[in-house]
Amino acid sequence: MSGRSEGVKGARTTARLAAVQALYQVEFRAEDPARTVEEFRRFRLKPGLGGPDWAAADADFFKAVVEGAWSRRPEIDGLIAPALAKNWTLARIDPVLRAALRAGVYEILARPDIPARTTIGEYVELAHAFDAGAEAGFINGVLDRIARERRPAEMA
């Protein structure tokens, strides 16, 4: 998210924010992800989603993250669970943070074209957008651990 001197959040950053919101909605409402993606595409993926300095979301990237994270949820959850602190379960995690972790892990697994450190940084910053100050470190720790396991050469 950094490196944009004009202060505008990019289309992929906005897509990530929307993907976290959509994954939360899919889980909370037990909705079909394709229906939620279409709803977001029609009504929400516009400039200003995360605030006045946020660009319109990259709709294709948004769709890939939502549908990919949801379809690979058992695999993704299986990677998140052992990365949690002792006596913590995925069910105990705030649902928005759980959605952010699922989206971030999906990117680490399925998007080798995006550096893992970029993915981690983006989701840490998004935690701040959701007013999850202390949880940003939690997201960083879990995603970093998974990235080191799944992309060891890149994370060395």
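Throughout, numbering of the chain's residues begins at 1 and tracks the sequence. Keep in mind that what you see is a predicted model, and the values were worked out from it rather than measured.
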Does any N or O in the side chain of [X] come within less than 3.5 Å of the main-chain N or O of [Y], such that one atom is a donor and the other an acceptor?
X      : Y      : result
Arg41  : Glu38  : no
Arg150 : Ile108 : no
Arg145 : Pro82  : yes
Glu67  : Pro33  : no
Thr36  : Ala22  : no

What pair of heavy atoms forms the shortest contact from [X] to [Y], and how long is it?
X      : Y      : value
Ala19  : Val65  : CB-CG1, 3.7 Å
Tyr24  : Ala99  : N-CB, 3.8 Å
Ala18  : Leu45  : CB-CD2, 3.5 Å
Ile146 : Leu79  : CD1-O, 3.7 Å
Ala69  : Arg102 : CB-O, 3.8 Å
Met155 : Ala116 : SD-CB, 3.8 Å

Atom [atom1] in [X], atom [atom2] in [Y]: separation rounded to 0.5 Å?
X     : Y      : atom1 : atom2 : result
Gln21 : Leu126 : CD    : CG    : 9.5 Å
Arg35 : Phe40  : CZ    : CZ    : 11.5 Å
Arg12 : Thr119 : CZ    : OG1   : 9.0 Å

Practice task
Go through the steps for Arg98 and Asp94 under the test salt bridge (charged side-chain N to carboxylate O under 4.0 Å, His left out), then give the verdict.
Solution key: CA-CA 6 Å; Arg98 189 167 50 242; Asp94 176 84; over 6 Å; no
Practice task
Apply side chain to side chain contact (heavy atoms under 4.5 Å, CB included) to Glu39 and Gln25, showing your working.
Solution key: CA-CA 11 Å; Glu39 174 194 325; Gln25 182 173 315; 3.2 Å; yes
Handout entry: Steps toward side chain to side chain contact (heavy atoms under 4.5 Å, CB included) verdict (Val105, Leu143)
Key = CA-CA 7 Å; Val105 173; Leu143 293 180; 3.7 Å; yes
Exercise for the section: Using a 4.5 Å cut-off on heavy atoms from C-beta on, say whether the side chain of Arg111 contacts that of Phe61. Expected result: yes
Practice task
Could you check if a side-chain atom of Glu107 sits within less than 4.5 angstrom of a side-chain atom of Tyr123, using non-hydrogen atoms only?
Solution key: yes
Practice task
Just jot down the salt bridge (Lys or Arg N to Asp or Glu O under 4.0 Å) partners of Arg117, sequence neighbours excluded, or say none.
Solution key: none
Exercise for the section: Tell me, please, which residues at least two apart from Asn87 pass side-chain contact (heavy atoms from CB on, under 4.5 Å). Expected result: none
Practice task
Could you walk me through whether Leu84 and Ile93 pass the side chain to side chain contact (heavy atoms under 4.5 Å, CB included) test, one step at a time?
Solution key: CA-CA 10 Å; Leu84 301 177; Ile93 298 172; 3.5 Å; yes
Practice task
Report the C-alpha distance between Arg16 and Phe62 in whole Å, list the side-chain angles of each, state the deciding distance to 0.1 Å, and finish with yes or no for side chain to side chain contact (heavy atoms under 4.5 Å, CB included).
Solution key: CA-CA 6 Å; Arg16 287 180 177 102; Phe62 162 78; over 6 Å; no
